[in-house]
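Structure, as structure tokens:
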Amino acid sequence: MEKREVILSTGGLGKYFYDPVKFKVLDDISFEAYKGEFLTLVGKSGSGKSTLLYCLSTMDTAYEGELFIAGEKITGKKTNELSALRNKSIGFIFQFHYLLPEFSCLKNVMLPALKLGKYSYKEVEERAYNKLEVLGIKDQALKPASKLSGGQQQRVSIARALINDPAIIMCDEPTGNLDSKNTQIVFNIFKQIAHDFGQTIIAVTHDNDFAAASDRTIELADGKIISHDKVFDEQNP
Amino acid sequence: MKHNTNVDIAFTHIITRKKQTLVAALGVTLGVGVYLFMNSLSSGFSSFSRDEIFKNSAHIKIYKDEELSKPISSDSSRISVILNPQITTLSKKIINPEALLANVKKQPYVTSAIAQVSFDAFYNRGKAQIKGSGNGVNMTEYDAMFNTGKYMVAGSINALPGNLNGIIIGSGIAEKLSLGLNDNITITSAFGVVKVMKIVGIFTTGNSMNDQQKSYVNISTAQQFVKEGPSFVSTIFVNTPSADKSEKYVSLLQQLTPYTVEDWKTTNADVMSGDKTRSTLMNSISYAILIVAAFGIYNILSSTITQKINDIAILKATGFAGKDVIRIFLLEAIIMGLIGTLMGLVIGSILIGIMSKIYMGGPVGYFPISFETRLFARSFILGLFITFCAGYFPARKAAKVDPVEIFRK
């Protein structure tokens, strides 16, 4: 296998929940994610996969161990630096689409880029149109986000995650709320993002078909990694 | 660009929640409107009562006060003996008043100064007698200071100077004695001097104390009433550029003369404390209303933030920092506050307009209230200040939203 560039890595990541009793939810998690990889995190409910994703996302900072993104140590940075880092390097896609309902789809996509301030308003608008076009919903651009169907909303939120060309895209159950047709669409988009644009996707899912089709799957159980490359039995899913 | 994005979000929230914005703004409108109105009432009435005071008292007066007999020995090591303490002032005369008056007039902070000879007078017609006070003044200068001409209802102040036999009396005296212009009136002074004088003018100030007791004659006539020579002066009135700073001028003037120097605030201590009580009362009520308005904004922003907690979480996830969130919600509060404050100023103006058309009767006439720029500015600043404060706390709460907690639900 050719040597691949590591984009994100963790060293001995651990986390406790204190309510109602002290409970170790993540235990000594160490793994690496590579550039252009479509990585899925699977595990039973309560295995800690979502918790891990939020630690990786830099939004949850109450953990032990270390987190590196693009070779830079993230652990211990200030919240303002983390906000800027998320804005620039990480895109988010959630199960519930979390679009801002008062804004048009286009504006929802544009906001992170306007915040980044790298491009002018006109350029940002153009880029947002392009992303929506890639996702096949350019015609919905000026509608309020709340007027779209679930599948369309999820595509808008994918466009929003992509607008700043982040190195990593993190997804929490991205297809959990979608029918099989829309799931397939989202899946194809993810493949394209990872393989054609070299962006890394880290997705938490409980959908085995979805996980099986990804490049690599990490399985968690009781806060530990039990498999770095889970092999799915096609006959007995 | 970053700033613009926050502004953009804030405006979108405001525009899509017109009703809530309006309700919050109306709270501020009410608060600011009532604040402005009540303070205008209070200020209008205060300046009215101050004008009443300055109708016949100057900013500062200089006179010779009664002196009590001093202890025989003032040395504290010995026994002090006070025998029958009593007023020892023989005459209320100011010695060498021309020099003092000239000296006072020379001071840069004195805008005008005049001398007055006052005496106790009895106004007689036949058997009827009214007790009052006569004032010997240079009417031209006196009018310049107290604007007496404005209150003349018959005759003219210009008829008095040079007419040693002329007198201007209050309308109450004229009415009681049934006298009119150019009638004769007999004046007896406390020193027993009796003169028959000709009424050259009648004034009404609206203050019955003045109207039923006061009269004006020439200084030299007054000096005859008190059996004194032409250098006798009982009081010197001084006006300064600012009535509010009278204390400062009192201490300066006191250095020029051994006589008592007293400002209008001391003379009218009762009126001043009444004014103070009223404005404290008005202020506390209007502040209370403003605080209630502030709670309105606080409430609405708090509930907005609770409803928008998902939006806040996603904004934070996509890279908006805590300070951006604070700015967004604070800006919303300020927009609400600005709308509310401006409407409040309009409402306040309407109330002031209505109030100034209400006739109160008596010497007050129409309610003494006016549009004061100072109060408009203060209401505007206070309105924005309270919305800023009321908006800051919910905004800070929004900034502390933990997106992970929201997404996990």
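Chain identifiers are assigned alphabetically (A, B, ...) following the order of the sequence lines, protein sequences preceding nucleic acid strands; residue numbering begins at 1 within each chain.
Between A:S83 and B:A321 the shortest heavy-atom distance is OG-CA, 3.6 Å. What you find for A:M59 and B:A317 is that their closest heavy atoms are SD-CB, 3.6 Å. Looking at every heavy atom in both residues, A:N87 comes nearest to B:G319 through CB-CA, 3.6 Å.
Among residues 300-312 of chain B, the residues having any heavy atom closer than 4.5 Å to a heavy atom of chain A are, in sequence order, B:K308, B:N310, B:D311.
Atom CD1 of B:I9 and atom CG of A:L111 lie 4.5 Å apart (nearest 0.5 Å). If you take CD1 on B:I314 and CZ on A:R160, they are separated by 4.0 Å, rounding to the nearest 0.5 Å. The structure places OH of A:Y54 at 10.5 Å from CG of B:D402, a figure rounded to the nearest 0.5 Å. A distance of 6.0 Å separates NZ of A:K115 from CG of B:N6, quoted to the nearest 0.5 Å. Distance check: A:L82 CG to B:K316 NZ gives 11.0 Å after rounding to the nearest 0.5 Å.
Heavy-atom distances place no part of A:K88 under 4.5 Å from chain B, backbone and side chain included.
Between B:T318 and A:N164, the closest side-chain pair of non-hydrogen atoms is not below 4.5 Å.
Each salt bridge (charged side-chain N to carboxylate O under 4.0 Å, His left out) pair with one or both residues in residues 367-383 of chain B, not counting sequence neighbours, appears once here: B:E372-B:R374.
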